[in-house]
Amino acid sequence: TYHRGRSSVGLGVQPRDVYLKWLEAGNTAPLIWPQTFTGSTAKNKENKDSYRCNNSVKAYRHCIIEFDDEAIWPLESQLHFWAGVIHQNTLPVVALVYSGNKSIHAWLPVKATTEAQWKTVTDRLLDPKGGFFGVLKADTSARVPSQGFRLPCHIRSETKQPQRLLYFNHAHLTHSK
């Protein structure tokens with residue numbers, strides 16, 4: 001049986017095995033989560049059991065940096081910015097994913113084992129009042145550890161454009177035991 005809940009794939013919030021069966025049946029899922037989850041339920045903000053909420057995060061592996069404001073960060077400027085970061089090896093970028101619309105999602109490794117460590121790292125990166133990317137007007141939604149992001153190759157319904165994997169560097173992947 002399927003649990004009720006919000007999901008972009010229409011399955012509701014499910015254990016991993018339900019999603020695996022759904023994918024094995026030939027379906028595609030538009031979201032990926034930068035963090036890993038415990039596989040057990042935890043209480044969400046509404047005090048309901050959830051397999052995918054901040055309290056069920058097992059490992060804090062990546063922070064996603066995204067610039068959504070086209071007036072400040074047109075797509076071409078984002079491409080130049082991230083090309084410079086990669087070329088100069090300024091930050092350990094794991095992946096760059098074109099959103100199929102107006103932004104590039106940069107996956108940066110995070111080695112946090114607790115939510116407090118996660119908050120410290122994401123505050124340094126994304127706080128609008130002083131975080132490096134926050135000052136540059138990056139989207140702060142990535143500060144939510146259970147936030148999902150669209151998968152590469154997913155076709156966005158509103159633009160009919162695919163998400164595209166632009167860059168991948170496996171050397172910067174984070175792993176946990």
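FYI, the numbering just counts along the sequence from 1. Everything numeric here is computed off the predicted structure, so don't read it as measured data.
Judged purely by atom type and a 3.5 angstrom limit, Ser56 uses its side chain to pair as donor or acceptor with the backbone of Tyr51. Side chain of Thr159 to backbone of Asn101: no donor-acceptor contact under 3.5 angstrom is found. Using modelled atom types, no side-chain atom of Tyr60 and backbone atom of Cys63 make a donor-acceptor pair closer than 3.5 Å. Of the possible donor and acceptor atoms, one in the side chain of Gln78 sits under 3.5 Å from a partner among the backbone N and O of Lys102.
Between Gln147 and Ser141, the side chains place no donor N or O within less than 3.5 Å of an acceptor N or O (distance only, hydrogens not considered). A donor-acceptor pair shorter than 3.5 Å can be found between the side chains of Asn54 and Ser146.
Closest non-hydrogen pair, Ile64 versus Ala142, comes out as O-CB, 2.9 Å. Between Asp127 and Arg143, the shortest heavy-atom distance links the atoms CA-NH1, 3.8 Å. Minimum heavy-atom separation, Cys53 to Ala42: SG-O, 3.9 Å. Here the closest heavy-atom approach between residue Leu165 and residue Tyr167 is recorded as CD1-O, 3.4 Å. Closest non-hydrogen pair, Lys58 versus Phe37, comes out as CB-C, 3.7 Å.
Taking CH2 from Trp107 and CD1 from Ile65, the interatomic distance works out to 12.0 Å, rounded to the nearest 0.5 Å. In this structure, the separation between OH on Tyr98 and CD1 on Ile104 is 7.5 Å, given to the nearest 0.5 Å. Leu126 CG to Glu66 CD: the interatomic distance, rounded to the nearest 0.5 Å, is 10.5 Å. Atom OG of residue Ser103 and atom CG of residue Asp69 lie 11.0 Å apart, to the nearest 0.5 angstrom. The OG atom of Ser40 lies 10.5 Å from the CG atom of Asp49; values are rounded to the nearest 0.5 Å. Atoms NE2 and NE2, from His172 and His62 in turn, are 10.5 Å apart once rounded to the nearest 0.5 Å.
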Original post:
After noting the C-alpha distance and the side-chain angles of Val57 and Thr36, does the key distance pass the side chain to side chain contact (heavy atoms under 4.5 Å, CB included) rule?
Top reply: CA-CA 6 Å; Val57 172; Thr36 57; 5.9 Å; no
**OP:** May I have the step-by-step check of side chain to side chain contact (heavy atoms under 4.5 Å, CB included) for Arg150 and Ile32, ending in yes or no?
**Re:** CA-CA 6 Å; Arg150 290 184 184 92; Ile32 188 170; over 6 Å; no
**OP:** Carefully, step by step, assess Trp33 and Arg52 under the rule side chain to side chain contact (heavy atoms under 4.5 Å, CB included).
**Re:** CA-CA 9 Å; Trp33 287 267; Arg52 194 180 65 236; 3.1 Å; yes
**OP:** Could you please spell out the steps behind the side chain to side chain contact (heavy atoms under 4.5 Å, CB included) verdict for Gln163 and Phe149?
**Re:** CA-CA 10 Å; Gln163 300 272 123; Phe149 294 86; over 6 Å; no
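In the displayed structure, Lys43 atom NZ is contacted under 6.0 Å by more than 12 heavy atoms of other residues, nucleotides or ligands. For Glu76, the CD atom is loosely surrounded, since the number of other residues' heavy atoms within 6.0 Å does not exceed 12.
Placement of Val135 and Val121 in two distinct hydrophobic clusters is found when ILVMFWY residues are connected by side-chain heavy-atom separations under 4.5 Å, directly or transitively. Linking Ile, Leu, Val, Met, Phe, Trp and Tyr residues whenever their side-chain heavy atoms come within less than 4.5 Å leaves Leu108 and Val144 in two separate clusters.
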Counting only pairs under 3.5 Å, give me each side-chain donor-acceptor contact of residues 84-97, with atom names and distances, residues two or more places apart or in other chains.
none

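Using a 4.5 Å cut-off on side-chain heavy atoms (C-beta onward), Ser99 and His105 make contact.
Legend: residues meeting side-chain contact (heavy atoms from CB on, under 4.5 Å) with Leu136, ordered by chain and number and at least two apart, are Phe67, Trp73, Phe81, Phe132, Phe133.
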